[in-house]
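Nothing here was measured: the structure is a model prediction, and the numbers come from that model.
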Amino acid sequence: LVGKVTFFDLTVSGGTFTDRISANFVYPNTIVTDLIISGNKCVAVGDNLMAGYELSGVPQEKWSRGLSNQIQAMDSGDAFFAVIYGQALTNTQESLEHKLVVYNMDGNELYRKDLEKASYLQAVGDLIVYGEGRSYVCLDTKGRSKWFYNALEDVQAFYPVPGEKQVIRTSG
């Protein structure tokens with residue numbers, strides 16, 4: 001298996017111009033499963049790595065890191081992404097199992113929290129909502145608690161109401 005992340009420049013057109021690839025990155029033994037784009041930055045997430053790209057001009061890989069744990073859940077907000085890690089992929093000194101980690105688009109860790117039994121993850125705007133069972137907590141990217149909610153049924157999603165201290169919840 002070979003994972004590829006290919007950037008195309010579609011601004012140039014014409015019958016004689018055939019190659020619109022502006023950058024191509026190849027990752028052996030990797031399946032790239034997700035792309036997160038925020039502003040002029042992009043993060044590719046695979047089954048065993050994360051890589052960050054700068055999109056201004058010719059795209060360039062700015063950082064990459066191998067994963068030590070499976071990704072149980074992942075979501076992105078405004079200029080950040082959050083990951084809940086599952087089982088370890090390899091024997092490492094520091095296990096990320098059952099941890100919520102919030103990263104900025106440069107791959108720097110903003111916040112980390114141990115979870116007992118993660119059941120839910122959602123990022124909206126500059127907020128992160130995680131669930132353990134039917135208990136839900138909303139945090140900002142610095143880990144400051146905004147609200148919590150104990151539900152009587154499983155929640156599908158939370159939607160903050162702009163300009164209000166309210167949220168809409170959907171459940172099944």
Side-chain angles (χ1 to χ4, degrees), residues 1 3 5 25 27 29-39 41-54 61-162 165-172:
L1 295 173
V5 178
F25 302 93
Y27 302 100
N29 302 317
T30 300
I31 298 171
V32 177
T33 57
D34 290 293
L35 286 177
I36 301 164
I37 300 170
S38 180
K41 298 184 183 208
C42 175
V43 175
V45 181
D47 57 343
N48 60 4
L49 72 84
M50 290 189 287
Y53 310 93
E54 179 73 39
E61 182 182 279
K62 290 297 190 178
W63 60 269
S64 68
R65 83 167 36 101
L67 294 177
S68 60
N69 292 70
Q70 293 176 352
I71 293 177
Q72 181 179 333
M74 183 177 72
D75 203 0
S76 61
D78 295 342
F80 76 92
F81 61 102
V83 177
I84 294 177
Y85 289 101
Q87 289 183 320
L89 295 171
T90 59
N91 293 330
T92 59
Q93 296 211 340
E94 179 190 21
S95 174
L96 293 174
E97 191 167 357
H98 305 299
K99 288 190 179 15
L100 165 66
V101 182
V102 180
Y103 299 95
N104 66 16
M105 294 300 287
D106 292 321
N108 299 319
E109 187 175 310
L110 299 174
Y111 176 73
R112 179 185 292 206
K113 176 163 183 55
D114 291 322
L115 302 178
E116 295 279 326
K117 279 190 164 182
S119 61
Y120 182 85
L121 178 65
Q122 180 183 2
V124 178
D126 61 349
L127 301 175
I128 302 132
V129 180
Y130 71 88
E132 293 183 283
R134 289 185 174 162
S135 295
Y136 301 90
V137 177
C138 179
L139 308 169
D140 65 15
T141 56
K142 295 179 181 175
R144 295 180 294 222
S145 179
K146 297 298 183 182
W147 54 261
F148 69 92
Y149 176 66
N150 290 321
L152 299 176
E153 56 192 356
D154 293 336
V155 171
Q156 292 173 328
F158 291 98
Y159 301 95
V161 176
K165 291 189 176 196
Q166 299 177 353
V167 66
I168 300 169
R169 137 183 103 81
T170 59
S171 58

Chemist: For Gln87, I'd like to know if atom CD has over 12 heavy atoms of other residues, nucleotides or ligands within 6.0 Å.
Modeler: no

Chemist: Would a 4.5 Å heavy-atom cut-off, applied to side chains only, mark Gln72 and Leu121 as touching?
Modeler: no

Chemist: Please check this pair: side chain of Asn69 against backbone of Tyr85, looking for a donor-acceptor N/O pair closer than 3.5 Å.
Modeler: no

Chemist: Kindly compute the distance separating SG (Cys42) from CD1 (Ile36), expressed to the nearest 0.5 Å.
Modeler: 8.5 Å

Chemist: Who passes salt bridge (charged side-chain N to carboxylate O under 4.0 Å, His left out) against Glu153, sequence neighbours left out?
Modeler: Arg169

Chemist: CZ/Arg65 to CE/Met50 distance, rounded to the nearest 0.5 angstrom?
Modeler: 5.0 Å

Chemist: Return the CZ to OG distance between Phe80 and Ser38, rounded to the nearest 0.5 Å.
Modeler: 9.5 Å

Chemist: When rounded to the nearest 0.5 angstrom, what distance separates CG in Asn108 from OH in Tyr103?
Modeler: 10.5 Å

Chemist: My understanding is that only one of Leu67, Ile71, Thr30 makes a side chain to side chain contact (heavy atoms under 4.5 Å, CB included) with Asp47; could you say which?
Modeler: Thr30

Chemist: Can you check whether Phe81 reaches Met105 side chain to side chain, under 4.5 Å on heavy atoms?
Modeler: yes

Chemist: Side chains of Val129 and Val124: does their closest heavy-atom pair fall under 4.5 Å?
Modeler: no

Chemist: Using a 4.5 Å cut-off on heavy atoms from C-beta on, say whether the side chain of Ser145 contacts that of Leu139.
Modeler: yes

Chemist: Is there a side chain to side chain contact (heavy atoms under 4.5 Å, CB included) between Val137 and Glu132? Walk through the geometry before answering.
Modeler: CA-CA 9 Å; Val137 177; Glu132 293 183 283; over 6 Å; no

Chemist: Do Gln70 and Leu89 make a side-chain contact, defined as non-hydrogen atoms from C-beta onward lying under 4.5 Å apart?
Modeler: yes

Chemist: Are side-chain heavy atoms of Asn150 and Arg134 found at a separation under 4.5 Å?
Modeler: no

Chemist: For Asp114 and His98: C-alpha separation, side-chain torsions, deciding distance, then whether side chain to side chain contact (heavy atoms under 4.5 Å, CB included) applies.
Modeler: CA-CA 6 Å; Asp114 291 322; His98 305 299; over 6 Å; no

Chemist: To the nearest 0.5 angstrom, please state how far the CG atom of Leu115 sits from the OH atom of Tyr130.
Modeler: 6.0 Å

